[in-house]
Amino acid sequence: MKPMFHEEISRLFKNKRWLIVGILALLVFLMGSYLSQKAINDANIIEEPLQHFLTILYYSQFHLITPLIATVLYSDAAMIDHETGFSRFIYQRIKKQHYQNGKFIAVGLAGGLSLSFSTLLIAFMSFLFVFSRCNFSFKNCSFVSGSFFAGPFSALLYSSKPFYFIYLLICGFLYGACFSWVGLAVSIALQNRFAAIASPIAGFWVWSFLVERSNHLPASADPLQGLTPWNSVDNVITIQTQLVQIFGMMALAYLLYKLALTRRIFS
């Protein structure tokens with residue numbers, strides 16, 4: 001399995017779609033900056049760097065863009081291999097199980113890395129923006145820091161800003177992997193590589209809308225709320241909730257992936 005996994009990792013990092021991930025992160029930053037400045041409507045307010053970063057994510061509706069960022073990089077890789085005949089070629093050299101497991105791991109890694117990378121890029125641009133407004137010196141700069149954009153984990157934010165940011169990166173990686181796995185599984189089940197990108201976007205948007213509008217579905221049932229806890233003003237999103245969401249999506253995606261491989265394409 002190691003040679004196959006090394007091949008997948010090489011293809012992942014040489015993927016030209018990293019540019020798309022970077023462009024999407026830039027658009028999130030620009031949109032969030034514009035909308036937040038328009039909402040605050042006070043040019044003299046300079047937010048604390050991490051708070052400004054959360055404000056950008058909030059106003060840009062970052063949680064709605066995350067399924068696209070997570071899937072656009074590599075989630076259709078299995079279907080591309082199938083359509084180009086690469087999978088049949090590789091089966092002559094390694095076991096099917098090794099290829100399938102290597103593909104699943106690589107797709108999850110791609111989704112996690114793309115979402116974490118975009119989060120880092122947005123944070124970096126946000127930091128530069130605040131730094132420029134302070135005339136490139138934080139010594140004589142007075143920050144305004146609110147409490148609204150921290151969500152139920154505000155205590156963690158105020159106790160340790162670096163740890164809170166690391167926590168957000170970990171969330172992005174885990175949820176990004178799950179979104180990418182869902183796209184992989186659905187694309188194989190439908191035998192359509194475009195479903196790898198479209199299905200998580202449409203599926204999670206519709207589900208999030210239903211949770212928000214329904215009186216019977218709790219907010220904890222929405223993975224987009226778990227991924228972006230700063231959007232939640234109630235204490236419905238907890239570490240336990242996030243773990244249930246992550247392992248639930250992971251298990252469902254893996255079962256659908258194995259079922260699709262067995263019954264449709266590789267039977």
Side-chain angles (χ1 to χ4, degrees), residues 4-5 8-9 11-25 27-28 61-84 86-87 99-119 171-211 221-228 242 245-266:
M4 185 63 224
F5 184 68
E8 291 290 343
I9 295 300
R11 293 172 64 188
L12 167 61
F13 285 104
K14 292 178 181 178
N15 199 323
K16 294 180 180 180
R17 295 187 193 177
W18 280 109
L19 178 61
I20 299 178
V21 174
I23 292 174
L24 290 173
L27 291 176
V28 167
Q61 296 294 301
F62 180 64
H63 66 291
L64 296 179
I65 307 173
T66 52
L68 174 60
I69 296 176
T71 57
V72 71
L73 181 63
Y74 204 63
S75 59
D76 60 345
M79 283 306 302
I80 291 178
D81 288 354
H82 177 69
E83 292 175 356
T84 59
F86 178 77
S87 56
Y99 168 78
Q100 294 167 4
N101 290 341
K103 183 66 70 176
F104 188 81
I105 294 173
V107 168
L109 185 63
L113 288 176
S114 59
L115 201 50
S116 296
F117 169 73
S118 62
T119 303
C171 284
F173 181 86
L174 294 176
Y175 279 90
C178 290
F179 294 163
S180 191
W181 280 327
V182 169
L184 169 69
V186 172
S187 68
I188 294 179
L190 299 180
Q191 299 193 62
N192 187 318
R193 71 185 184 92
F194 297 104
I197 299 174
S199 58
I201 299 171
F204 285 109
W205 281 7
V206 171
W207 181 250
S208 181
F209 177 82
L210 292 176
V211 171
D222 183 5
L224 296 184
Q225 289 288 327
L227 169 63
T228 56
Q242 292 176 318
Q245 290 177 350
I246 290 168
F247 285 107
M249 287 190 294
M250 185 188 304
L252 288 174
Y254 186 74
L255 289 174
L256 179 59
Y257 175 67
K258 299 301 288 186
L259 184 63
L261 288 173
T262 301
R263 294 191 174 184
R264 300 294 296 273
I265 295 179
F266 301 103

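Source: prediction; values computed, not measured.
- Taking the side chain as every heavy atom from C-beta outward, Phe62 and Thr119 approach each other to under 4.5 Å.
- Across Pro200 and Ala196, no two heavy atoms sit closer than the pair CD-O, 3.3 Å.
- Between Ala110 and Tyr74, the shortest heavy-atom contact is CB-CB, 3.4 Å.
- For the pair Ser208 (side chain) and Asp222 (backbone), a donor-acceptor distance under 3.5 Å is absent.
- No more than 12 heavy atoms of other residues, nucleotides or ligands sit less than 6.0 Å from atom CH2 of Trp207.
- Judged by distance alone, the side chains of Tyr175 and Gln245 do bring a donor and an acceptor atom under 3.5 Å apart.
- A donor-acceptor contact shorter than 3.5 Å is absent between the side chain of Glu8 and the backbone of Lys103.
- To the nearest 0.5 Å, atoms OG1 (Thr66) and CG (Leu24) are separated by 11.0 Å.
- Residues Ser114 and Ala70 come closest through the heavy atom pair OG-CA, 3.6 Å.
- Gly183 and Ser199 make their closest contact through CA-OG, 4.1 Å (heavy atoms, listed as atom of the first residue, atom of the second, distance).
- Put simply, the side chain of Leu27 does not reach to within 4.5 Å of the side chain of Ile65, judged on heavy atoms.
- With rounding to the nearest 0.5 angstrom, the OG atom of Ser118 is 13.0 Å from the CD1 atom of Ile23.
- Taken to the nearest 0.5 Å, the CG atom of Leu252 stands 13.5 Å off from the CZ atom of Phe247.
- Residues Lys258 and Asn101 approach most closely at NZ-OD1, 4.2 Å, considering heavy atoms.
- Taking the six-membered ring where the residue is Trp, the centroids of Trp181 and Phe104 are separated by under 6.0 Å.
- Considering CG of Leu113 and CZ of Phe173, their distance stands at 5.0 Å, rounded to 0.5 Å.
- Nearest heavy atom pair, residue Phe194 against residue Asn192, reads N-OD1, 2.8 Å.
- Between the side chain of Asp76 and the backbone N or O of Ser187, no donor-acceptor pair lies under 3.5 Å.
- To the nearest 0.5 Å, atom NE2 of residue His82 and atom CG of residue Leu261 are 10.5 Å apart.
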(message) Using side chain to side chain contact (heavy atoms under 4.5 Å, CB included), reason through Leu224 and Val211 one step at a time and then give a plain yes or no.
(response) CA-CA 10 Å; Leu224 296 184; Val211 171; over 6 Å; no
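- Between Phe204 and Phe179, the ring planes are tilted. Angles from 30° to 60° get that label.
- Here the straight-line distance linking atom CD1 of Ile105 with atom CG of Leu12 works out to 12.5 Å at 0.5 Å rounding.
- Within the 4.5 Å cutoff, the side chain of Val182 has no heavy atoms near those of the Thr71 side chain.
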